[in-house]
Amino acid sequence: MALPALPLSAEQADAYGRIGAALAAAGVDLAAGALAAPAGKGAGVLAVMGKAGSGKTMLLARLARDLVALGVETVAAEWEGRRRRDRRTLAILAPTNKAASVLRLHGVPATTIHRILYTPIYDPQYERIAEWLAGQGRRPAVEGLTEAALDRARAFYDQIPSIPGALAAAGLRGSDFIKGWKRREEPLDIGFVDEASMLDDRAMADLEAIFPSLVLFGDPAQLAPVGQSGTMVFDAIPEGRRLTLARIHRQAEGNPILDLAHALADPALTFEDFEDRVAAAAAGDGRVVIARRVSADLMARSPALVWRNLTRVRLIQAFRAAQGCPADALVPGEPLICDGIELPLRHRRKRIDLEARGLIKGAQAIYLGPGRAPGFSRLFVPGAEQPQVAAASIIKIEQAESEEPFIPYAARMGAAFLHGAAVTIHKAQGSQWEEVQVFAPDLFAAAASGREEAGMPLWKRLAYVAITRAQHRLHWVTRAALARPTRPLDTADLTAPAAALELAPE
């Protein structure tokens with residue numbers, strides 16, 4: 001679903017013009033409708049900053065749409081097409097799969113930053129399909145693929161310009177056509193990065209090394225990356241190259257969730273005042289709900305958002321007990337959060353394969369059941385283009401009363417997971433869910449602590465990030481209690497072609 005081509009506000013138009021002028025100096029002139037071959041010099045780094053609802057995504061989508069209409073080719077991590085000296089390209093990136101999937105829902109062909117750092121090695125016969133889909137070759141005849149399968153690939157690509165998605169529609173798995181991954185050696189051209197508030201200095205340095213023209217889109221009111229002492233990459237960008245969208249776009253007006261988010265900017269607002277505003281919003285609009293208990297039903301697909309790790313662990317234990325989950329095994333439908341990849345250095349290619357399937361640190365996954373081999377799990381990764389994977393897994397369920405987690409499944413190496421029924425607000429950055437539960441007792445504790453981050457009370461930053469994770473409904477949970485589930489855990493709502501990922505010895 002593409003965003004409608006609504007007229008830009010005055011400040012959006014100003015940002016569009018300033019970005020356009022910088023790109024024109026690098027040979028991509030939107031105003032004149034002209035493209036020049038890359039000359040080695042780019043537009044440098046620009047930042048578009050604004051709070052939730054200020055139209056950052058709309059501006060990004062409009063710029064991307066106009067660049068493509070001008071003849072700039074979009075590239076994705078999975079396939080880039082033939083290189084030409086005069087070719088101008090655009091890559092649209094996000095820090096996480098979930099953030100990239102939000103852009104894709106708006107018709108923007110986004111991929112993750114990690115995947116753009118690596119390039120795929122394609123099987124030659126399937127690369128011919130990719131070239132045909134992208135308009136760079138004739139319709140191929142591929143052994144084992146029917147004409148009907150190619151038609152399905154064509155129809156998918158015409159709707160969503162994704163090579164892996166189109167090949168999956170033809171009945172192929174990633175392991176059929178991607179034979180490996182290698183570290184990117186050659187630079188790209190223009191890069192747009194959404195959710196740039198999540199970038200740390202290392203990721204920023206990697207991006208600057210790849211893109212001579214880089215535009216960051218982000219919200220400075222969010223939480224800074226862990227370990228950066230409250231600073232964001234925006235702070236190092238010169239003032240003249242930072243563009244701010246202050247006006248809330250008309251599409252967002254009348255949204256009580258965003259109204260609450262922007263109320264947090266008032267320096268005189270106390271936590272008690274804010275809770276009164278939440279109650280008033282809930283009284284007048286069903287998109288805000290005052291909940292006396294955490295809903296176990298919602299936790300199965302959208303985690304409860306908390307500040308403290310101890311709160312997270314206790315809510316997970318309560319969730320599993322309420323759902324009747326056994327102490328020594330997972331139940332299909334239980335939510336997980338990827339905690340990284342545990343592989344020795346010599347298995348670097350396996351690490352890249354896992355991360356390419358969406359199993360990067362912080363990614364959400366749903367447990368579907370045990371795999372065919374001991375230690376393997378079948379998983380559903382929301383937001384990934386091929387969401388069903390089978391991978392070697394180390395799954396840890398933390399216990400409030402013990403420093404050692406319970407590990408129901410453990411391969412010798414593979415993707416590590418924590419339970420995902422509740423997550424910290426820091427880890428939730430970059431993700432959105434239809435409905436979000438915010439655990440208010442933790443925010444009260446943050447307010448009572450008196451802590452600040454980058455000159456702002458910590459509780460306000462936490463509240464801002466937490467409530468803006470909600471796409472349609474915010475549940476403000478006022479008590480440390482859990483409502484009993486009304487239905488058992490299942491996986492009936494998770495359907496997608498399976499894409500097995502094996503970790504055979506090298």
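Predicted model, so just to flag it, every value in this text is computed and none were measured. Computed from heavy atoms alone, side chains included, the values below leave out hydrogens, waters and symmetry copies.
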| query | For D158 and R154, what are the C-alpha separation, side-chain angles and deciding distance, and is it a salt bridge (charged side-chain N to carboxylate O under 4.0 Å, His left out)? | reply | CA-CA 6 Å; D158 288 344; R154 175 84 269 171; 3.2 Å; yes
Next item on the list: Go through the steps to decide whether R202 and D200 satisfy the test salt bridge (charged side-chain N to carboxylate O under 4.0 Å, His left out), and finish with yes or no.
Entry: CA-CA 6 Å; R202 182 177 178 180; D200 58 22; over 6 Å; no
* **side chain to side chain contact (heavy atoms under 4.5 Å, CB included) evaluation trace for T89 with I190** => CA-CA 6 Å; T89 62; I190 303 168; over 6 Å; no
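For the side-chain contact (heavy atoms from CB on, under 4.5 Å) test, residues two or more places apart in sequence or in another chain that qualify with A94 are A99, A100. The side-chain hydrogen bond (donor to acceptor under 3.5 Å, both in side chains) check on D194 picks up nothing, with sequence neighbours excluded. Among residues two or more places apart in sequence or in another chain, the ring-ring contact (aromatic ring centres under 6.0 Å, His included) test is passed with F234 by none. Judged as a side-chain contact (heavy atoms from CB on, under 4.5 Å), and not counting sequence neighbours, the contacts of V278 are L260, F274, V288, I290, W476. A search for side-chain contact (heavy atoms from CB on, under 4.5 Å) contacts involving E434 returns Q471, H472, not counting sequence neighbours. Remark: E195 engages no residue in a side-chain hydrogen bond (donor to acceptor under 3.5 Å, both in side chains) (not counting sequence neighbours). Scanning for side-chain hydrogen bond (donor to acceptor under 3.5 Å, both in side chains) contacts around K427 gives an empty result, with sequence neighbours left out. For N309, the side-chain contact (heavy atoms from CB on, under 4.5 Å) partners at least two apart in sequence or on another chain are R312, T424. Under the side-chain hydrogen bond (donor to acceptor under 3.5 Å, both in side chains) criterion, R473 pairs with no residue, sequence neighbours left out. Listed by chain and number, the residues in a salt bridge (Lys or Arg N to Asp or Glu O under 4.0 Å) with D442 are R308 (sequence neighbours excluded).
Nearest approach of D266 to K460, heavy atoms of both residues: O-NZ, 2.6 Å.
Between E73 and Q136 the shortest side-chain heavy-atom distance falls below 4.5 Å. L67 has its side chain within reach of L30: a pair of non-hydrogen atoms, C-beta onward, lies under 4.5 Å apart. L474 is not listed as a side-chain neighbour of V289, based on a closest heavy-atom distance of 4.5 Å or more. In this structure, D285 and N255 have side chains that are not in contact, with every pair of non-hydrogen atoms separated by 4.5 Å or more. Residues R451 and P457 have side chains not in contact (no heavy-atom distance under 4.5 Å, counting atoms from C-beta outward).
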Donor-acceptor pairs under 3.5 angstrom involving side-chain atoms of residues 13-23: please list them, not counting sequence neighbours.
unit_1 : atom_1 : unit_2 : atom_2 : d
Y16    : OH     : D66    : OD2    : 2.6
R18    : NH2    : G240   : O      : 2.8

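Each of L46, T57, V48 was checked for a side-chain contact (heavy atoms from CB on, under 4.5 Å) with F217, and the lone residue meeting it is V48.
Looking only at distances, a side-chain donor or acceptor of H262 sits under 3.5 Å from a matching main-chain atom of A52.
Within the structure, side chain to side chain donor-acceptor pair (under 3.5 Å) pairs that include any residue of residues 20-42 do not occur (at least two apart or interchain).
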